[in-house]
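One structure is given here, and the rest of the page talks about it.
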Amino acid sequence: MNRGITFVVVAIIYLVVLISLAVIGNRKNKGNEEQFFLAGGDVGTIIGFLTFFATLYSTFILIGMPNFFRVHGVGTWIFLGVTDMVLAVFTLWLAMKMGKRIASVDYRSMSDLLRNGFGKLGIVVYVIGLVIFLVPYIAIQVKGASGLLSNVVPYDVPQWVWAITILLLMYVYSSIGGLRGIMYADSLQGIMLFTVIWIMAAIVLMDFGGVKELIATVKETKPELLSTPGPKGLLNVQWLLAAFISIVLLPVSQPQLTSRLGILKGFNERRKVPVLHASFTFLLLIAGLIIGLYGAIAIPASNGPEFIGKLILEQHAVLGAVTLIGILAAAMSTSDSQFFALGSEINNVFGSYSKKLKLSPVIFVKIVILILCVASFIVAMKSPQELISLAINGFMGTALMAPMVLVSVLYKDIDFSSVIPIFTAASLIVFLLSLFGFAPNMISGIRLDLLLLSINTIATIIVVVIRSKPGSAQSAPKI
Amino acid sequence: MNFWRVAGFVVFILATLAFTPLVIPYGVAEPFVLGLPRTLWAGMLISLLIYIVLLIAMFTSKDES
């Protein structure tokens, strides 16, 4: 069987399973609104882990991560390995706090917690921040995956057709199955992602005889990959620190991750999911390291998609096809959850308008997701440099909102007035200005994003200490 | 003392260590341990230690809700 037919067969099997999972999710929802938005709030350990894993790891983990090892060397382990273990510890702590906080409120999305402490202003800043940084992020994922598919799939299908296919598929199964359908699809996608990357790593290891032999070859041919800051000098302390902070804060700065912690069934699920996540992440990164270092020796390429494309063409036709579908799955597993979370948050802000239009929240969210899909398609196809910059810096952009979101998780029934949302909005505006070249990105040798996050965090702590101290008119129990 | 404060402190120290020249010395790959360059084995060791803190946290954490 040639590569083309193999791809079509694997793609059809994948599509059938994907849509079946969405239909199963739909049946379990039984037309219930809470089931559609929160999957009943009783997600078990395995589905909880797989959906968190697949949602966190986008196409970056299949394309970007091995390519990072290939281009920048072993310092990438600090950027991802150390960072992801700290992320898991933070996730466990946050999951415990979320469990307690959710129990005290009628929870539908993160906006419900923000409304409690920051009112409408807090929610508006949060939602606008999410749209500004997440839509370009989704768009470059769609662009990356569709570009790779159009180059590697042995049929003459233009990139825009692949982009529409990815977005349409996401829209269909999200609309059918709601959050439960998305989580089932994530589970399938998480398993595919992990399996594919390890099969490729195992093939490389068999070729070389082991990691030791692989590194010995790198030492002979490209020794600069074995130390920091790497051949291009990227992995310096400030860069690593900024990446560390923006990644560790993801569980609180990205609503699709925070909400997943909020809907776990109980205490056992909340404590087991982060540990499972850390365990599989460790293994995933080892696979990425092996593939990346192999690429540095054997696969010359100018960028990540080209490198992975060449690697796929080296594999057996079935493995190549499964890898391509794995990349498609990785792009969808993060973007579907981001769309759904954005839709839920926007519904929380503009819910009153949907009532005036006599639209149910479910229909309203489906319309919002459709609009976001169209916006992402336009951005993906046009993608001017400024928007690419927004996407690349998306994690740091949303991290600037993390202090505000964290306060909303930790404290209830305290009016933090408008100071924190105003500080958050100001830091977002300054950060955006720097991305568009209207403000410097370094001040006195320190990265602007690190400075903004520090100022924002200090301001937030001061407001919280003043407002929540015993005896204050506003004081109320901490969660 | 609150367990999370201790765990947070230990993780903070370990993570900070990862950004020092002990783990990421400029342009230095030696010493190699088990065939792995310094940044890699030291980074993996720190990741493993943080993972152990995570395991302890999992087993000792109490239901707060």
Side-chain angles (χ1 to χ4, degrees), chain A residues 73-86 88-93 95-104 210-216 218-219 223-229 235-238 240-241 244 248 266-268 270-272 274-275 278-279 281-282 285-286 289 479, chain B:
Chain A
V74 296
T76 304
W77 187 275
I78 309 298
F79 160 44
L80 292 170
V82 174
T83 302
D84 275 312
M85 291 306 115
V86 179
V89 176
F90 179 63
T91 303
L92 177 61
W93 175 80
M96 294 298 157
K97 298 295 175 190
M98 280 293 286
K100 195 175 177 183
R101 184 73 173 93
I102 297 295
S104 69
V211 175
K212 206 172 171 179
E213 289 73 13
L214 182 63
I215 289 178
V218 175
K219 194 178 174 186
E224 66 276 19
L225 285 172
L226 300 183
S227 61
T228 52
L235 303 179
N236 57 51
V237 174
Q238 279 208 44
L240 287 169
L241 198 58
F244 173 84
V248 168
F267 171 65
N268 267 331
R270 287 197 292 276
R271 69 189 186 126
K272 285 177 186 168
V275 174
S279 312
T281 294
F282 211 105
L285 293 176
I286 291 174
L289 166 78
I479 293 294
Chain B
M1 196 179 189
N2 184 318
F3 169 77
W4 277 114
R5 288 192 185 173
V6 179
F9 179 73
V10 173
V11 169
F12 176 78
I13 296 294
L14 288 170
T16 305
L17 209 60
F19 296 99
T20 66
L22 272 175
V23 177
I24 50 170
Y26 194 93
V28 178
E30 287 79 18
F32 281 75
V33 173
L34 300 170
L36 305 179
R38 179 166 168 169
T39 297
L40 193 54
W41 67 256
M44 283 182 165
L45 183 65
I46 285 178
S47 304
L48 203 62
L49 291 172
I50 296 171
Y51 180 76
I52 290 169
V53 173
L54 176 70
L55 284 181
I56 296 170
M58 182 193 81
F59 285 117
T60 55
S61 55
K62 291 185 175 72
D63 191 358
E64 294 181 25
S65 56

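Residue numbering restarts at 1 for every chain, and letters A, B, ... go by the order of the sequence lines. Predicted, not measured: the structure shown is a model, and the values here were computed from it.
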Check each atom of [X] against the heavy atoms of chain A and say whether the ones under 4.5 Å are side chain, backbone, both or neither.
{"X": "B:L48", "answer": "both"}
{"X": "B:F32", "answer": "side chain"}
{"X": "B:I24", "answer": "both"}
{"X": "B:V28", "answer": "backbone"}

>> Please identify, among A:K219, A:E224, A:M98, A:K272, the residue contributing the most non-hydrogen atom pairs under 4.5 Å to chain B.
In response: A:K219
> Do you know which of A:S279, A:G210, A:G266, A:S227 has the most heavy-atom pairs with chain B at a distance under 4.5 angstrom?
Replying inline: A:S227
Which bit of [X] comes within less than 4.5 Å of chain B, counting heavy atoms only: side chain, backbone, both or neither?
{"X": "A:A278", "result": "both"}
{"X": "A:F90", "result": "neither"}
{"X": "A:I78", "result": "side chain"}
{"X": "A:L240", "result": "both"}
{"X": "A:T76", "result": "neither"}
{"X": "A:L289", "result": "side chain"}
{"X": "A:I286", "result": "side chain"}
{"X": "A:V218", "result": "neither"}

> For the residue pair A:F282 and B:M44, what are the closest heavy atoms and their distance?
Replying inline: CZ-O, 4.0 Å
With a 4.5 Å cut-off on side-chain heavy atoms, are [Y] and [X] touching?
{"X": "B:L14", "Y": "B:S47", "answer": "no"}
{"X": "B:W4", "Y": "A:V89", "answer": "yes"}
{"X": "A:W77", "Y": "A:L235", "answer": "no"}
{"X": "A:M85", "Y": "B:L54", "answer": "no"}
{"X": "A:L285", "Y": "A:T281", "answer": "yes"}
{"X": "A:V74", "Y": "A:L225", "answer": "no"}
{"X": "B:V10", "Y": "B:L49", "answer": "no"}

> What residue, out of B:S61, B:A42, B:A15, B:A7, has the most heavy-atom pairs lying under 4.5 Å from chain A?
Replying inline: B:S61
> So which of B:G8, B:G27, B:A18 has the largest heavy-atom pair count under 4.5 angstrom toward chain A?
Replying inline: B:G27
> Taking only residues two or more places apart in sequence, or in another chain, which ones meet B:I56 in a side-chain contact (heavy atoms from CB on, under 4.5 Å)?
Replying inline: B:F3, B:I52, B:T60
> Sequence neighbours excluded, which residues qualify as ring pair (Phe, Tyr, Trp, His ring centres under 6.0 Å) partners of B:Y51?
Replying inline: none
